[in-house]
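Reviewing the structure listed below.
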Amino acid sequence: YYIAAAPDREECDSILDIYQVPANIISHCRKVAEVAAEIVRSLDNAGYGLNKYALQAAAMLHDMARNEKNHARAGAKILQEIGYQKVGSIIGSHTDIEVDDNGRITEGEILYLADKLVREDQVISIEQRFTHSLHKYNDNPEAVRKIENRRDAAYKIIAKIVAATGQGFIYG
């Protein structure tokens, strides 16, 4: 039997509808998908081959379980259960990720970064994204450590993209 690599746009819309994902989260996911597509285009122009279909589906669906505890893992599980293994694995690491400085850029890294560059449905800088959180939790050392790790992972991914494309990063 055949397992499709990734749901197309219409299937993603159906999945979002079936799981009753709120409109504001769908708007966020669409903007993340746009940002991810731009990043992939810059990498494609540099001869980098990524699974853009799986990445687009993952971007469209990454917050489908947003209202659940550990929503990245919950969303990944749903996608894997309906036959989209690759899409599920990309979604599973969009909140926390280990970046291999010397490894190939992965679809998971692109989704992670694109998600960090979008607040609601607006593109923001990594600095904007993390400054607010660091200030908000400055009295909680454990939270600050996690926020700094997430920020550092985003900067590592940007550095990998810059190295791969030989250009400045398109999102500042």
Side-chain angles (χ1 to χ4, degrees), residues 5-6 12 25 27-66 70-76 79 84-138 140-172:
C12 287
I25 293 175
S27 294
H28 166 74
C29 290
R30 286 192 173 132
K31 182 55 88 171
V32 169
E34 283 177 34
V35 171
E38 281 295 315
I39 295 169
V40 167
R41 266 193 287 285
S42 72
L43 289 165
D44 279 351
N45 292 340
Y48 222 91
L50 289 164
N51 185 334
K52 55 185 155 210
Y53 303 106
L55 176 55
Q56 272 302 291
M60 283 296 301
L61 300 170
H62 76 278
D63 276 349
M64 66 180 286
R66 186 77 181 109
N70 197 338
H71 75 278
R73 193 174 303 138
L79 269 294
Y84 297 114
Q85 302 303 320
K86 177 75 173 171
V87 176
S89 72
I90 295 169
I91 289 172
S93 64
H94 85 267
T95 52
D96 284 299
I97 196 165
E98 287 293 322
V99 179
D100 177 356
D101 296 337
N102 303 311
R104 280 184 57 77
I105 299 166
T106 67
E107 293 86 359
E109 289 172 346
I110 301 297
L111 176 58
Y112 176 90
L113 180 60
D115 188 39
K116 302 303 175 264
L117 289 165
V118 177
R119 179 182 290 143
E120 304 299 333
D121 62 356
Q122 300 297 309
V123 176
I124 60 171
S125 71
I126 292 299
E127 198 58 37
Q128 288 173 299
R129 173 60 179 249
F130 290 100
T131 300
H132 172 76
S133 300
L134 285 168
H135 181 72
K136 183 176 175 182
Y137 294 102
N138 68 350
N140 180 337
E142 179 63 17
V144 166
R145 186 185 62 75
K146 286 182 177 178
I147 293 164
E148 288 173 341
N149 286 345
R150 289 176 176 155
R151 180 197 59 204
D152 294 349
Y155 281 127
K156 285 179 183 180
I157 295 165
I158 291 171
K160 288 172 71 171
I161 293 167
V162 169
T165 62
Q167 303 170 330
F169 186 60
I170 54 178
Y171 289 98

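Atom set for the values below is all heavy atoms of this structure, side chains included, hydrogens, waters and symmetry mates excluded.
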>> Walk me through whether V99 and K160 qualify under side-chain contact (heavy atoms from CB on, under 4.5 Å).
In response: CA-CA 10 Å; V99 179; K160 288 172 71 171; 3.9 Å; yes
> How far apart are the C-alpha atoms of E109 and I97, what are their side-chain angles, what is the distance that settles it, and do they pass the side-chain contact (heavy atoms from CB on, under 4.5 Å) test?
Replying inline: CA-CA 7 Å; E109 289 172 346; I97 196 165; 3.7 Å; yes
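Atom SG of C12 is separated from atom CG of L79 by 8.0 Å, given to the nearest 0.5 angstrom. Between the CE atom in M64 and the CD1 atom in I25 there is a gap of 11.0 Å [rounded to 0.5 Å]. Taken to the nearest 0.5 Å, the CG atom of L111 stands 10.0 Å off from the OG1 atom of T95. Taking OG1 of T131 as the start and CD1 of I126 as the end, the distance is 10.5 Å to the nearest 0.5 Å. With values rounded to the nearest 0.5 angstrom, R151 atom CZ is found 11.5 Å from K156 atom NZ. In this structure, the separation between CD1 on I90 and OH on Y84 is 13.5 Å, given to the nearest 0.5 Å.
Between E142 and Y137 there is no side-chain heavy-atom pair separated by less than 4.5 Å. Between L43 and I110, some side-chain heavy-atom pair lies under the 4.5 Å cut-off. When side chains are defined from C-beta on, L117 does not count as touching R129, because their heavy atoms never get closer than 4.5 Å. Proximity of R41 to I170: side-chain heavy atoms (C-beta onward) are nowhere separated by under 4.5 Å. Taking 4.5 Å as the limit, every side-chain heavy atom of Y48 sits out of range of all side-chain heavy atoms of T165. Looking at heavy atoms from C-beta onward, V35 lies out of side-chain contact with L113 at the 4.5 angstrom threshold. With a 4.5 Å cut-off on side-chain heavy atoms, K52 and D44 count as touching. The shortest side-chain heavy-atom distance between H28 and D115 falls under the 4.5 Å cut-off.
Side-chain atoms of Y155 and E127 form a donor-acceptor pair, as typed in the model, at a separation below 3.5 Å.
Looking at R150 and D96, a side-chain N of the basic residue comes within less than 4.0 Å of a carboxylate O on the acidic one, giving a salt bridge.
Contact record, V40 with L50: CG2-CD1, 4.3 Å, taken as the closest heavy-atom pair. Minimum interatomic distance between A65 and A74 (heavy atoms only, all atoms of both residues): CB-CB, 3.8 Å. Closest approach of A76 to G88, counting heavy atoms only: CB-O, 3.0 Å.
Listed by first then second residue, pairs satisfying ring-ring contact (aromatic ring centres under 6.0 Å, His included) with a partner in residues 88-129 read H62-H94, H71-H94, not counting sequence neighbours.
One N or O on the side chain of E107 and one on the backbone of N51 form a donor-acceptor pair closer than 3.5 Å. Of the possible polar contacts, one joining the S89 side chain to the K86 backbone as a donor-acceptor pair under 3.5 Å is found.
Atom CD of Q128 sits in a crowded spot, with more than 12 heavy atoms from other residues, nucleotides or ligands closer than 6.0 Å.
E148 pairs by the salt bridge (charged side-chain N to carboxylate O under 4.0 Å, His left out) definition with nothing, not counting sequence neighbours.
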